[in-house]
Asks: 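To start, I am sharing the structure in question, which I have written as structure tokens.
Each chain gets a letter, A, B and so on, in the order the sequences are listed, and its residues count up from 1. Just so we're clear, the structure is a prediction, and the values are computed from it rather than from any experiment. What's counted below: heavy atoms across the whole structure, side chains too, no hydrogens, waters or symmetry copies.
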Amino acid sequence: MRQAKDLKVAVIDDHAMVRSGVRAELQELVGEFRDADGVASGIRLVRSFEPDVVLLDIHMPDGGGVAVLRECQESLANTAFLALSVSDAADDVIAAVRAGARGYVTKSINGPELLDAIERVANGDAAFSPRLAGFVLDAFVGAPAEADEELDRLTAREKDVMRLLARGYTYKEIAAELFLSVKTIETHASAVLRKLQLSNRRELSRWASHRNLG
Amino acid sequence: MFRRHGSRNNDAMEYRKAYRALEGRKIAGVAAGLARHIGLDVTLVRVLFLAATVFGSGAGLLAYLAFWALLPMDPDEAATTDDADTIADPGWIILIGVIAACALLALAALGFTSLSSYLWPVALAVIGVALVWLRADELQRAAWRADAAGVAREAVTDAAGYSRWRLVVGSAAVLLAVIGFALSSVGLSTMLQGLATTLLLLVGLGLVAYPWLHQQWQELADERATHIRAEERAEMAARIHDSVLQTLTLVQKHADDPQRVLQLARSEERELRDWLYGAGATGTSFTAAVQHTAHEVEARHGVTIDVVSVGDVDVDSRIEALLAATQEAMVNAAKHSGVASVQVFAEVEPEGISVFVRDRGRGFDSNGIAADRAGVRESIEGRMKRAGGTALVRSRLGDGTEVELTLPKAES
């Protein structure tokens, strides 16, 4: 389990105050820290710095976070992208996840929770904010249009995990609540993330298409 | 159009359009406008038109009508000139008519041209056309003035009843002229046949063109609606900008009161976020009500309440009880937990509604019967029970509190 202090972390955001704020919070706690201020410089940074985790702002000029994700598809195996935004709108969140982000946090997140989310995605898991969990539940409500496609429905356990995440529980608390191990909870969350990324559910495509992802 | 080196202060090529003049016009401003544009004397232009009409078998008149139809009025000029200066001068029209008639008679007497029986229908038609087009001009100018004053166009043009008689008389004149023309050239029965054929043609054409016409009409209406929406949005944007400015000013003023600053920032953030990314939750929906309640509690108690919701439903009396219980739970968390952040999750499912209000505060021993808490709990539990639902309060000392409210779907 990789710890924050071993990680190379990058921030890509066009707001200088956000970059300096995150730097102040994280610089001492992670291994290496770099930042970039736009899409083009962000892509260059990812390719040269090869960070473990990238905090990626969604709303930037020239295509925003989604453009960076699309250009860095080949880095996705070794770099985990954590989408960062002010907006909380379904379009933005879902678009980012479907483009390859492993999680989504709002800019008002506090230091310890941010660190936890960074460690989580660095270790291959998904970082779910309560709002993202809410969107997931919204998108997977009801039976899917096509016949039984595994990607298009959540299992009962996965729904339980999402509900508890939406209620604000941490993974540890969920594990205690459901009498499972934290590892199992992480597995469920990762499975849901994968479904979010690959499912053809109408709501997901609609939200993604609002951002011209299709 | 015409190009001219700038006679004003710049050296750049000026690209001027020709307009019909509003100031100094006698009938429609064609002569005055052209004179202004080309740089000739206005009387000379008028004489030219007249001569072309009399000596060119009506070519001057045709040209005048063509210019009237094709040249626009200058909207800027229309907005600034007063009506009194520009009303078409009837005396002038009569004068031109008399001159033209005399000239024609004189030429006919001299044998240079022959008076035809087409003369009076043509004259009638011209008068009718002039009346109708003048009215159209006036309506246009009234509309522009209304725009400039920020008033709705309909209000101005309808209220003045802009000489509707002119429309009626003018159209009647043109119709009479056409009938007269037809009668004098082909006779009554042929004219009636012609009329019938024309009507048939129009009906046929109408049937064919109807879908296209309808679509154009629809597109026009849609564009209008989009335009109105865009204007409304711009107005709202202006309001929001103003509100943000106010908040930022207040924040600077109260910079040494962190609690106040937090509240100001939070409230403005919420307003701006709603406007920028707001979901379409309507006024009567449960989700909107939960958010509204959360905002009120936030403002009054200085805490942050995050609401995550799934699904939606319209509010009825039972759901109102649920909302009241939710509000109580939020207020309790704000007052007793000792922390500044509350998490709310509301899920609307076919089977019923569940609301969870969670805080990570000091909690309490929910198994014990603490006197001051029992009353509070009973209030929430009592409300839910009366509405046909349940309330479950789970808490552990030092470990936070979660209130779970469930309202099953009503038995029908």
Side-chain angles (χ1 to χ4, degrees), chain A residues 17 58-59 64 85-96 104-113 116 128-143 154 156 158-170 172-174 176-177 192 201 203 206-207 210-211, chain B residues 262 265-266 268-270 272-281 287 290-291 294 298 304-313 329-330 333 337 339-351 353-361 363 392 394-396 399-406:
Chain A
M17 295 209 68
I58 295 295
H59 287 278
S85 179
V86 205
S87 94
D88 260 6
D91 303 12
D92 296 325
V93 178
I94 300 296
Y104 177 89
V105 294
T106 55
K107 285 187 184 177
S108 53
I109 193 176
N110 63 41
E113 285 180 5
D116 182 67
F128 276 88
S129 68
R131 197 163 292 276
L132 180 57
F135 289 147
V136 169
L137 289 168
D138 236 338
F140 282 89
V141 86
L154 297 178
E158 287 166 352
K159 278 216 184 102
D160 289 337
V161 172
M162 285 298 119
R163 275 205 196 94
L164 287 164
L165 278 170
R167 279 155 66 175
Y169 281 53
T170 61
K172 223 193 299 185
E173 289 166 346
I174 299 176
E177 181 77 16
V192 173
R201 276 262 177 174
E203 293 82 356
R206 183 165 45 93
W207 281 329
H210 280 172
R211 292 268 154 210
Chain B
L262 183 65
R266 177 76 181 164
E268 194 58 53
E269 180 208 337
R270 193 209 325 127
L272 191 57
R273 178 190 296 262
D274 272 348
W275 182 77
L276 280 174
Y277 306 113
T287 312
V290 171
Q291 277 168 0
E298 267 190 352
T304 303
I305 305 185
D306 274 321
V307 177
V308 175
S309 59
V310 176
D312 209 347
V313 72
M330 287 180 189
S337 67
V339 293
S341 163
V342 178
Q343 187 78 29
V344 174
F345 175 58
E347 187 173 18
V348 177
E349 291 186 288
E351 304 86 45
I353 309 178
S354 321
V355 178
F356 299 84
V357 179
R358 179 136 204 253
D359 69 76
R360 290 171 184 287
L392 189 62
R394 295 195 302 173
S395 184
R396 266 208 301 267
D399 215 10
T401 310
E402 188 176 34
V403 177
E404 177 180 346
L405 306 168
T406 326

Asks: Using non-hydrogen atoms and a 4.5 Å limit, figure out which bit of T304(B) sits close to chain A: side chain, backbone, both or neither.
Replies: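 When you check distances to chain A, no heavy atom of T304(B) falls under 4.5 Å.
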Asks: Within this structure, what is the CZ-CD distance for the pair R394(B) and E177(A), rounded to the nearest 0.5 Å?
Replies: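 Output value for this atom pair is 4.5 Å.
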Asks: Give a yes or no on whether the backbone of V355(B) and the side-chain of R167(A) come within a donor-acceptor separation of less than 3.5 Å.
Replies: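 No; zero donor-acceptor contacts below 3.5 Å.
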Asks: With rounding to the nearest 0.5 Å, note down the distance linking CZ in F345(B) to CG in L165(A).
Replies: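 Rounded to the nearest 0.5 Å, the CZ-CG separation comes to 10.0 Å.
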Asks: Go through the atoms of V307(B) and report whether side chain, backbone, both or neither lie under 4.5 Å from a heavy atom of chain A.
Replies: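 Backbone only.
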Asks: One thing to verify: whether E347(B) and K159(A) come together as a salt bridge, which I'm taking to mean a side-chain N less than 4.0 angstrom from a carboxylate O.
Replies: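 Salt bridge: no.
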Asks: Heavy-atom distances under 4.5 Å only: say whether T106(A) touches chain B with side chain, backbone, both or neither.
Replies: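 For T106(A), no heavy atom lies under 4.5 Å from chain B.
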Asks: If you count heavy-atom pairs under 4.5 Å between each of G168(A), A133(A), A166(A) and chain B, which one has the most?
Replies: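 Most heavy-atom pairs under 4.5 Å with chain B: A166(A).
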Asks: If the condition is side-chain hydrogen bond (donor to acceptor under 3.5 Å, both in side chains), which residues does Q343(B) pass it with, not counting sequence neighbours?
Replies: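 Here no residue qualifies.
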Asks: Flag the pair V310(B) / M162(A) as yes when at least one side-chain heavy-atom distance between them is below 4.5 Å, and no otherwise.
Replies: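 Counting from C-beta outward, V310(B) and M162(A) never come under 4.5 Å.
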Asks: With a 4.0 Å cut-off, would you call R163(A) and E349(B) a salt bridge?
Replies: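 Looking at E349(B) together with R163(A), the answer is yes, because their closest N to O distance falls below 4.0 Å.
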